[in-house]
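First comes the structure, then the notes that go with it.
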Amino acid sequence: MEEMMLEHCIEICTRCQDECNACAVACVPLSGLEACVHICQDCAAECANCILAMRSGSLRECGSCADVCERCAIECEKYLEITNCIHCAEICRECVRACRESVAMV
């Protein structure tokens with residue numbers, strides 16, 4: 001069960017990383033979305049760190065990843081008129097749940 005949970009978390013973190021990168025790229029040319037771009041870039045980087053840690057069998061990054069994803073979701077939810085932000089917020093929320101569930105399994 002724990003291995004399935006870990007694989008699920010890696011999958012969600014990978015999707016979150018991809019969505020955050022896409023959101024950051026989409027928001028760069030838009031005025032006033034600098035905070036969104038910055039947190040999406042931070043979130044994508046934290047997801048990458050978390051994925052690497054999990055692939056080596058460690059959950060040490062999961063708590064930090066959940067925290068950054070939570071902040072990213074909050075920021076993206078400010079821009080629900082932007083499709084990329086909607087998708088980013090949704091997967092960030094999913095990533096928060098997956099990372100916290102993984103940590104709780106330990």
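For the numbers below, each heavy atom of this structure counts, side chains included, while hydrogens, waters and symmetry mates do not. Residue numbers count from 1 along this sequence.
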Any residue meeting salt bridge (Lys or Arg N to Asp or Glu O under 4.0 Å) with R71, in chain and number order, not counting sequence neighbours:
none
Pairwise salt bridge (Lys or Arg N to Asp or Glu O under 4.0 Å) hits with a residue in residues 6-28, at least two apart
R15-E94
Does L33 sit in a hydrophobic cluster with other residues, and if so which ones, taking ILVMFWY side chains as linked at heavy-atom separations under 4.5 Å, directly or through other members?
L30, Y79, I82
Among residues at least two apart in sequence or on other chains, which ones pass salt bridge (Lys or Arg N to Asp or Glu O under 4.0 Å) with E77?
R93
Cluster membership besides V28, Ile/Leu/Val/Met/Phe/Trp/Tyr side chains within less than 4.5 angstrom, sorted by chain and number, is V37
Just to verify, what does H8 make a side chain to side chain contact (heavy atoms under 4.5 Å, CB included) with, not counting sequence neighbours?
I12, A98
Say you draw a straight line from CD of E75 to SG of C23; how long is it, rounded to the nearest 0.5 Å?
9.5 Å
Would you please name every residue forming a salt bridge (Lys or Arg N to Asp or Glu O under 4.0 Å) with D67, sequence neighbours left out?
R100
Run through the side-chain heavy atoms of Ile, Leu, Val, Met, Phe, Trp and Tyr, join any pair under 4.5 Å, and report what else lands in I86's cluster.
L80
Looking only at heavy atoms, which two atoms of L59 and S102 are closest? And how far apart?
CD1-O, 3.5 Å
Can you see which heavy atom on C85 is nearest to which on C36, and at what distance?
SG-SG, 3.8 Å
Cluster overlap V96 with V103, hydrophobic side-chain contacts below 4.5 Å:
no
Pair listing, side chain to side chain donor-acceptor pair (under 3.5 Å) test, anchored in residues 50-63, at least two apart:
S58-R60
Side chain to side chain, C9 and E101, heavy atoms closer than 4.5 Å:
no
With a 4.5 Å cut-off on side-chain heavy atoms, are C62 and M54 touching?
yes
Would you say the side chain of C20 lies within less than 4.5 Å of the side chain of C47, judging by non-hydrogen atoms?
no
Extract all donor-acceptor atom pairs below 3.5 Å that involve side chains of residues 39-46 and protein atoms in other chains or at least two apart in sequence.
from	atom 1	to	atom 2	distance (Å)
D42	OD2	H38	NE2	3.2
E46	OE2	S64	OG	3.4

Distance, nearest 0.5 Å, that separates CG of N21 from SG of C16:
9.5 Å
